[in-house]
Each structure stands twice: as structure tokens, then as C-alpha cells.
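These notes concern the structure reproduced below.
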Amino acid sequence: PANPIYLPAPHQVAQAFYTAFVTEPKRRSEQWLHESLWESIQVIFWGFFLSSLFGVPLGILAGTYDLMSRLSEPFIEFFRYLPAPAFGALAVAILGINEALKIAIIFIGTFFQMVLMVAEDVRRVPMTQIEAAQTMGANRGEIVARVARTAGPLLAFRTRK
């Protein structure tokens, strides 16, 4: 019942995808489909990697230390509701139109959520695990480095099943 111009059949989509994969670009300056896909995967990877590189440690600190939470979370809560593309014009002015712009938009879209989720997961670490680490002689830094860092994500996985 759907118009094939607007919604082609699945076999037509698969055939067009295969054709795009094996057809040489019309211009030398254009890329093959697999090259474009690889470039996009790299941009997504670097955006998420950089977001994780900064977001996970900040989330662990915010979830562990009350002062860090009070300093960072109001700011992060404010920015997490702003859509990442809203920063597009500012990012273009600062970074220009290149791969760094795309990476920055992905970073902005994932960083704020990641910090808040990691902080919440670290706060949910069972007190029994923290007490067990203290019984074994762990100081606060070791608890943050070993217990909160490893137990938080595992706890989140168990509770969200």
C-alpha cells in the first residue's frame, strides 16, 4: 500500500546499497561508500572516546566527593538539556568546517549525560563493598580507584536488566 517512490521495498534498498558499494565514484575527488563509512565510524569513535576520557573520571569524582558534585552537576544539568546541534554555529565559528566540528558535536551530545550517569552509578555502589575495602586497609583514594570505578558500572548493568 505504500508508494514505492517514498518507501521502496526492502530488496530494492538492499540492491541499491550493494550497487553503491561496488560502483566507482563518478569524480576522482569523491570517495567510495566504504571509505565514507569508515570516515564516519572514526569520527563517532573519537567523539565518544574523548567524551569518555573526560566524562568518566569527572563522573567518578562527582559521584564520590560531595564538593565535586556540588561544583559540577548544576552546570552539567543545565547543559545536558541543550541539544548538541544548537552548538553548531558556535562550533563552526571556533573550529571551522572539518572533522573536528563533527567530533565536537558528538562530544557535546554525550559528555553531559555520561558524567551524570557515571556519578549516579558510583553513588549506588553498595556500602558493604566500601566497608569491605576499608576493612582490608584501603584508603579513600584506593576506594575511588578500585571499588567505585569497577563496581559502579557493574551495579548499573545488574539493576537495569
Side-chain angles (χ1 to χ4, degrees), residues 13-14 17-18 20-21 25 29-161:
V13 173
F17 184 69
Y18 174 76
F21 235 89
S29 62
E30 294 178 350
Q31 294 179 325
W32 287 74
L33 179 61
H34 67 277
E35 293 170 331
S36 294
L37 288 174
W38 179 245
E39 201 171 279
S40 296
I41 289 169
Q42 287 178 323
V43 167
I44 292 167
F45 169 79
W46 284 112
F48 191 75
F49 175 77
L50 291 172
S51 175
S52 299
L53 187 67
F54 294 104
V56 171
L58 184 59
I60 290 171
L61 290 174
T64 305
Y65 299 104
D66 190 46
L67 176 65
M68 192 66 180
S69 174
R70 285 187 276 137
L71 288 175
S72 65
E73 285 189 19
F75 170 76
I76 292 170
E77 281 283 347
F78 174 77
F79 279 101
R80 95 170 163 159
Y81 290 110
L82 296 175
F87 294 97
L90 179 63
V92 167
I94 295 171
L95 300 170
I97 299 177
N98 55 26
E99 301 303 311
L101 170 69
K102 299 172 195 173
I103 292 171
I105 295 295
I106 292 170
F107 177 90
I108 291 167
T110 57
F111 173 76
F112 301 110
Q113 295 290 341
M114 186 178 303
V115 171
L116 295 174
M117 287 184 349
V118 169
E120 185 60 33
D121 285 345
V122 168
R123 285 187 198 107
R124 290 185 187 176
V125 172
M127 198 61 189
T128 55
Q129 289 183 348
I130 295 171
E131 290 169 353
Q134 288 172 335
T135 302
M136 291 189 244
N139 60 27
R140 184 142 175 122
E142 290 172 327
I143 291 171
V144 171
R146 296 181 184 206
V147 178
R149 178 176 51 92
T150 57
L154 293 175
L155 179 67
F157 180 73
R158 282 188 303 225
T159 57
R160 292 188 182 136
K161 273 189 173 178

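The shown structure was predicted, so the numbers you read here are calculated from the model rather than taken from an experiment.
Scanning both residues, Arg123 and Ser69, for their nearest heavy atoms gives NH2-OG, 3.0 Å. The two residues Thr110 and Ser51 have their closest heavy-atom pair at OG1-OG, 2.9 Å. Scanning all heavy atoms of the two residues, the minimum distance from Glu73 to Ala119 falls at OE2-CB, 3.6 Å. For the pair Ile106 and Phe48, the tightest heavy-atom approach, listed with the atom from each and the gap, is CG2-N, 3.9 Å. In terms of heavy atoms, Leu101 sits closest to Ala91 at CD1-CB, 3.2 Å. Of all heavy-atom pairs between Ala104 and Leu95, the closest is CB-CD1, 3.5 Å.
In the displayed structure, Tyr65 atom OH is contacted under 6.0 Å by more than 12 heavy atoms of other residues, nucleotides or ligands. By the neighbour-count criterion of 12 heavy atoms within 6.0 Å, atom CZ of Phe54 is sparsely surrounded, having that number or fewer from other residues, nucleotides or ligands.
Put simply, CE on Met127 and CD on Gln129 are 11.5 Å apart, with the number rounded to the nearest 0.5 Å. The line from OH of Tyr81 to CZ of Phe112 is 13.0 Å long, rounded to the nearest 0.5 Å. To the nearest 0.5 Å, atom CD1 of residue Ile103 and atom CD1 of residue Ile108 are 12.0 Å apart. Atom CG in Asp66 sits 4.5 Å away from atom CZ in Arg70 (nearest 0.5 Å). Atom-to-atom distance recorded for Ser40:OG and Phe45:CZ is 15.0 Å, nearest 0.5 angstrom. We find the CD-CG distance between Glu35 and Leu37 to be 10.0 Å, quoted to the nearest 0.5 Å.
Residues forming a salt bridge (Lys or Arg N to Asp or Glu O under 4.0 Å) with Glu99 (at least two apart in sequence, or on another chain): Lys102. By the salt bridge (Lys or Arg N to Asp or Glu O under 4.0 Å) test, Glu39 is found to be paired with no residue, residues two or more places apart in sequence or in another chain being considered.
Side chain of Glu142 to backbone of Asn139: a donor-acceptor contact under 3.5 angstrom is found.
Residues Val115 and Phe75 fail the side-chain proximity criterion, which asks for heavy atoms closer than 4.5 Å. Side chains of Phe87 and Phe79 form a contact here, defined as non-hydrogen atoms less than 4.5 Å apart. Counting heavy atoms from C-beta outward, Leu58 and Ile76 have side chains that approach closer than 4.5 Å.
By the 30° and 60° cut-offs, the orientation of the rings of His34 relative to Trp32 is tilted.
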